[in-house]
Amino acid sequence: MSDSQNVTDYPNANTIFMVWKLNDNPQLKENFQRLCALVLNLNNSVLNRFPDSRASCIMGIGYEAWKMLDLPTPMPKELSNFEAIKGDKHIAVSTPGDLHFHIRADNKSICFDMAIEISNILNPVAQSILEVHGFKYWDARSILGFVDGTENPHGEDRDYFGKIGDEDAEYKGGSYLFTQKYIHDMKAWKNLSTEEQEKVIGRSKENDIEMADEVKPSNSHIALANIEGENGEELKIIRDNMPFGNPSTNEFGTYFIAYASTFSTVQKMLVNMFIGNPPGNYDRILDFSTAVTGTLFFVPTRDMLDSFSG
């Protein structure tokens, strides 16, 4: 899986997320070929120019775009349009998106320049429908004040949980990418005491220590977002969430981004959160965080990008 895109890299200090919707344009396929070559070039260039920056650009492709661009069939087994998950009170919405870019580096200038080059190719044939600039907040905390991503896999487990294996041999080394933009109600959140906030999350705020099972509320985020398979084995995803915010407009949020070897793992987590386990026992964090987007993509390997580039 050495030719996979950088899905197993660890979070960096600066990130730009971009989602684009493709137009029906005669230049589309030619520009997409150029785009695939550009993504490969950008990653090679930043590795050579800034070897210690941990910079990378990852491109994901949506279901409709896969068909529109006449990419190989059969397509990845679990690539489809994400269907909204509706609980009694909260909804994991489904929103459009053809191409997703996850750009990260320790220096914001690197992210900015990569985003410009991508936009130069896409602007004639696509529309930008989302752009979020994320940043590292203190010791990897979300705007809510709690450390984010503690349950991420490490070492070889990142390959196992983050990349497709022999179960879909044609797309081995690729990855499913699911994203959601969450907006936080900071006024309501700050009205909670620290003790109540900890019950919502299931961890201590200061030291990031998980509550014991007999103390942790069953509707806490940790209780519902950590899932198991049919045989009781722990299932994980690679989160690279980043906070964002605009103090002048009072918009604060988290861009949730998950890479996984199978989308069904992410879907099970979302069902737990939005419908509840058991149904009705939904994730209490949703009373303070609203999902305003929800889109599934597939991340090809570098070899696939090379073939797509023509």
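Predicted model only: the values in this text are computed from it and were never measured.
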Q: Could you give me the CA-CA distance, side-chain angles and deciding distance for His154 and Tyr10, then say whether ring-ring contact (aromatic ring centres under 6.0 Å, His included) is met?
A: CA-CA 9 Å; His154 296 279; Tyr10 285 87; 5.8 Å; yes
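With contacts defined as side-chain heavy-atom distances shorter than 4.5 Å, the pair Tyr160/Pro153 does not qualify. For the pair Val200 and Ile285, the minimum side-chain heavy-atom distance is below 4.5 Å. Contact check for Pro300 versus Ile61: side-chain heavy atoms found under the 4.5 Å cut-off. Two residues are said to be in side-chain contact when any heavy atoms from C-beta on lie closer than 4.5 Å; Cys36 and Asp306 fail this criterion. When side chains are defined from C-beta on, Ile143 counts as touching Met186, because their heavy atoms get closer than 4.5 Å. Side-chain contact check for Trp189 versus Ser289: every heavy-atom pair is 4.5 Å or farther apart. You'll find the side chain of Tyr282 stays beyond 4.5 Å of the side chain of Asp88, heavy atoms only. Side-chain contact between Leu305 and Val39: present, with at least one pair of heavy atoms (C-beta onward) separated by less than 4.5 Å.
Within 6.0 Å of NZ in Lys67 there are more than 12 heavy atoms belonging to other residues, nucleotides or ligands. Within 6.0 Å of the CG atom in Asn191, the count of heavy atoms belonging to other residues, nucleotides or ligands exceeds 12. Atom CD of Glu195 has 12 or fewer neighbouring heavy atoms from other residues, nucleotides or ligands inside a 6.0 Å radius. Heavy-atom contacts from other residues, nucleotides or ligands closer than 6.0 Å to CD of Glu170 number more than 12. When the shell of 6.0 Å around NZ of Lys21 is examined, it contains 12 or fewer heavy atoms from other residues, nucleotides or ligands.
Ring orientation note: the planes of Phe298 and Tyr171 are nearly perpendicular, at an angle over 60° on the 30°/60° scale.
Ser4 places no side-chain N or O within donor-acceptor distance of the main-chain N or O of Thr301, the cut-off being under 3.5 Å.
Linking Ile, Leu, Val, Met, Phe, Trp and Tyr whenever their side-chain heavy atoms come within less than 4.5 Å puts Phe82 and Ile237 in one cluster.
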Review item, side-chain donor-acceptor pairs of residues 105-117, under 3.5 Å, at least two apart:
| residue | atom | partner | partner atom | Å |
| --- | --- | --- | --- | --- |
| Asn107 | OD1 | Ser109 | N | 2.8 |
| Asn107 | OD1 | Ser109 | OG | 3.2 |

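Checking each of Leu122, Ile121, Leu99 against Phe32 for a side chain to side chain contact (heavy atoms under 4.5 Å, CB included) leaves exactly one that passes, namely Leu99. None of Thr95, Thr179, Asn81 except one satisfies the side-chain hydrogen bond (donor to acceptor under 3.5 Å, both in side chains) rule with Thr295; the exception is Thr95. Remark: of the listed residues Tyr255, Phe135, Phe101, Phe244, Tyr255 is the sole one forming a ring-ring contact (aromatic ring centres under 6.0 Å, His included) with Phe17.
Taking both residues in full, the closest heavy atoms of Arg239 and Pro11 are given as O-CG, 4.5 Å, listed atom of the first, atom of the second, then distance. For Met273 against Leu286, the heavy-atom pair with the smallest separation is O-CD1, 3.3 Å. Across every non-hydrogen atom of Met304 and Lys172, the tightest pair is CE-O, 4.3 Å.
For the pair Asp139 and Arg141, the salt-bridge criterion is met [side-chain N within less than 4.0 Å of a carboxylate O]. Classification of Glu230 and Lys268 as a salt-bridged pair fails, no side-chain N sitting under 4.0 Å from a carboxylate O. Between Lys236 and Asp157 there is no salt bridge, since no side-chain N of the basic residue sits under 4.0 Å from a carboxylate O of the acidic one.
Gln267 is linked by a side-chain hydrogen bond (donor to acceptor under 3.5 Å, both in side chains) to nothing, counting only residues two or more places apart in sequence or in another chain.
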